[in-house]
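I have placed the structure first, in the form of C-alpha cells, so that the comments after it can refer back to it.
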Amino acid sequence: MNNIEPLIEFKDVSKIYHMGDETIRAADHISFKIYKGEFIAIVGQSGSGKSTCMNIIGCLDVPSEGEYFLGGNNVGKMNTDQLAEIRNKMLGFIFQQYNLLPKLNLEENVEVPLMYAGVPKAKRKELAMKSLEGVGLAEKANHLPNQLSGGQQQRVSIARALAGTPSVILADEPTGALDSKTGREVLKILQSLHKKGNTIVLITHDNSIAATAQRIIRLEDGHVVYDGPSDNPDAFVHSEFGLHAGDGGEEE
Ligand SMILES: Nc1ncnc2c1ncn2[C@@H]1O[C@H](COP(=O)(O)OP(=O)(O)OP(=O)(O)O)[C@@H](O)[C@H]1O
Ligand SMILES: [Mg+2]
C-alpha cells in the first residue's frame, strides 16, 4: 500500500496564530498520510488542534509552515479560487449542525454543492435523487428540512456530501447534535460508506465514536501523539494523565 500515492499528505504542517505578543501553534509540525479507502478519526481534547487540521484538510485554510497535498496537489500554494475549486471537486462535508438551507427542500439542498461544481440542472436533479435514495429519504425529497428529525436531517447532509462523489468525506462531530441511538445510526451509514470504498476523515473528541474508525490520529497541543489502528488500546490513552477515556461524551 505504501507504493501508491497518498490521497492526503501533511508534511511537517504548522498553523501559527498571533494574539498580541503571544504565538499559538494550533498545529505543531504535523505529518501524516491518508490513503484512498481509509476510515480515519482525528481525535483529541478541546483545543488540541482538530478543527485547525480539519480546516486545512478541507481547503478552508492553508498551513503557516509545511506542505499539504490533496490528490497530489500542493494546496498551500493555491489562491482562494483554486481552493474553492479543489474543495468542490474533491471534498464532501458533513457538519455537526447539518447546515441545511431551511427554505430549500431536501432535493434542492442536496443539489447545492453540485451547483457550485457546475453540474447542469437536469444532471443535478438526477444525482441528488440518487444520493437521497442512498440514505433512504428519496420519498421525502419535496419536504423542507424542519419537517424532519435530527437524524433524518443529518442523513440529508450525508446525501449532500456524497452527491458529487467526492474523493474524501470530511465529517466534523457528525453525531454531536444527535441522541446516542440516532448517532449510532449515522455512524453505521459512515461505516457502510467506508465498506463501499469511500475515504472518510471523522473529527471527534469522543473516543467511543472514534472507535468506529479503522485508524486513529490523536492530537495533543497541536502534536500527533498516536497514529495507528483503532483496535490498539494505546489509541485511547491520554498521555498526560494516562487515562483510558472510553466512555465518550466528555466535554472540556
Ligand atoms: N483563529 C484563531 N486565533 C487564535 N487562536 C486560535 C484560532 N483558532 C484556534 N486557535 C487556538 O488553537 C488551538 C487549537 O484550536 P482548535 O480549534 O483546532 O481545537 P479543537 O481541537 O478543534 O478544539 P474543540 O474540540 O474545542 O473544537 C487552541 O488553543 C485555540 O485557542
Ligand atoms: Mg474544534
Side-chain angles (χ1 to χ4, degrees), residues 8-32 34 39-68 70 75-76 78 80 83 87 91-99 150 154 157-158 161 168-178 180 183 186-187 190 200-213 215-228 230 234-241 243-252:
I8 284 174
E9 181 168 14
F10 269 41
K11 274 190 177 169
D12 214 20
V13 165
S14 293
K15 184 74 195 177
I16 299 160
Y17 292 111
H18 298 282
M19 305 257 289
D21 292 343
E22 219 189 326
T23 303
I24 298 163
R25 275 186 181 264
D28 196 1
H29 298 286
I30 293 183
S31 297
F32 55 73
I34 297 176
F39 184 5
I40 300 225
I42 297 180
V43 302
Q45 296 191 326
S46 184
S48 59
K50 301 183 300 292
S51 292
T52 302
C53 287
M54 161 93 180
N55 290 341
I56 294 173
I57 294 172
C59 302
L60 299 159
D61 204 349
V62 293
S64 315
E65 292 171 1
E67 290 174 311
Y68 168 42
L70 174 59
V75 177
M78 292 184 181
T80 318
L83 286 174
R87 195 159 57 229
L91 299 164
F93 291 89
I94 301 168
F95 301 99
Q96 177 170 357
Q97 294 301 339
Y98 330 129
N99 293 5
Q154 191 57 303
S157 95
I158 292 172
V168 182
I169 297 164
L170 269 180
D172 190 6
E173 300 280 3
T175 62
L178 303 172
S180 57
V186 166
L187 289 174
L190 292 181
I200 301 172
V201 180
L202 168 69
I203 313 276
T204 181
H205 68 274
D206 185 330
N207 286 332
S208 65
I209 288 166
T212 55
R215 173 177 156 201
I216 305 282
I217 295 176
R218 173 168 292 277
L219 300 177
E220 275 176 33
D221 291 333
H223 301 279
V224 175
V225 293
Y226 177 87
D227 181 353
S230 61
D234 288 347
F236 299 107
V237 175
H238 183 264
S239 68
E240 212 177 335
F241 306 111
L243 294 175
H244 285 265
D247 53 352
E250 80 276 34
E251 240 347 321
E252 293 345 304

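Below, each value reflects all heavy atoms present in this structure, side chains not excepted, and no hydrogens, waters or symmetry copies. All ligand and atom numbering here is 1-based and tracks the order in the structure.
- Under 3.5 Å, the side chains of His205 and Glu173 contain a donor-acceptor pair of N or O atoms.
- Between the Thr204 side chain and the Ile209 main chain, no donor and acceptor come within less than 3.5 Å of each other.
- The protein heavy atom nearest to atom 25 (O) of ligand 1 is Lys50 NZ, 2.7 Å.
- Counting only heavy atoms of the protein, atom 9 (C) of ligand 1 lies nearest to Tyr17 CE1, 3.6 Å.
- Using a 4.5 Å heavy-atom threshold, the side chains of Arg87 and Leu170 count as separate.
- Using 4.0 Å as the threshold, Gly49 has a heavy atom nearer than that to some atom of ligand 1.
- The protein non-hydrogen atom at the shortest distance from atom 18 (O) of ligand 1 is Thr52 OG1, 2.6 Å.
- Although no hydrogens or angles enter the test, the distance criterion places a donor-acceptor pair under 3.5 Å between the side chain of Arg218 and the main chain of Ala235.
- What you find for Gln154 and Gln96 is that their closest heavy atoms are NE2-O, 4.1 Å.
- At the top of the distance list for atom 26 (O) of ligand 1, counting protein heavy atoms only, stands Ser46 OG, 2.6 Å.
- For atom 14 (C) of ligand 1, the protein comes within 4.0 Å by at least one heavy atom.
- Contacts between Met54 and ligand 1, counted as non-hydrogen atom pairs separated by less than 4.0 Å, are absent for every part of the residue.
- When hydrogens are left out, the protein atom nearest atom 11 (C) of ligand 1 is Ile24 CG2, 4.1 Å; that is the closest non-hydrogen contact.
- The main-chain N or O of Val62 is found under 3.5 Å from a side-chain atom of Lys15 such that the two form a donor-acceptor pair.
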Next on the checklist: Please determine whether side-chain contact (heavy atoms from CB on, under 4.5 Å) holds for the pair Ile30 and Ile56, giving the CA-CA distance in whole Å, both sets of side-chain angles, and the decisive distance to 0.1 Å.
Outcome noted: CA-CA 12 Å; Ile30 293 183; Ile56 294 173; over 6 Å; no
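- Taking backbone and side-chain atoms together, Met54 has no N/O/S atom less than 2.8 Å away from the Mg ion (ligand 2).
- The protein heavy atom nearest to atom 12 (O) of ligand 1 is Ala26 CB, 3.2 Å.
- Side-chain contact check for Leu91 versus Leu70: some heavy-atom pair is nearer than 4.5 Å.
- Taking 4.0 Å as the cut-off, His205 does not count as a neighbour of ligand 1 on heavy-atom distance.
- Applying the 4.0 Å criterion to heavy atoms of Ser48 picks out, from ligand 1, the atoms 19 (O), 21 (O).
- Among all protein heavy atoms, the one lying closest to atom 28 (C) of ligand 1 is Gly47 O, 3.7 Å.
- Proximity of Arg25 to ligand 1 is not established, as no heavy-atom distance is less than 4.0 Å.
- The shortest heavy-atom contact between Leu83 and Cys59 is CB-O, 3.8 Å.
- Side-chain atoms of Val224 and Leu219, non-hydrogen and from C-beta on, do get closer than 4.5 Å to each other.
- In this structure, atom 31 (O) of ligand 1 is not in close contact with the protein, since no protein heavy atom lies within 4.0 Å of it.
- For atom 17 (O) of ligand 1, the closest non-hydrogen atom on the protein side is Ser51 CB, 3.6 Å.
- Within the listing of ligand 1, atoms 21 (O) sit less than 4.0 angstrom from a heavy atom of Gln45.
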Checklist entry - So Ile57 and Tyr68, side-chain contact (heavy atoms from CB on, under 4.5 Å) or not? Walk me through it. => result CA-CA 8 Å; Ile57 294 172; Tyr68 168 42; 3.8 Å; yes
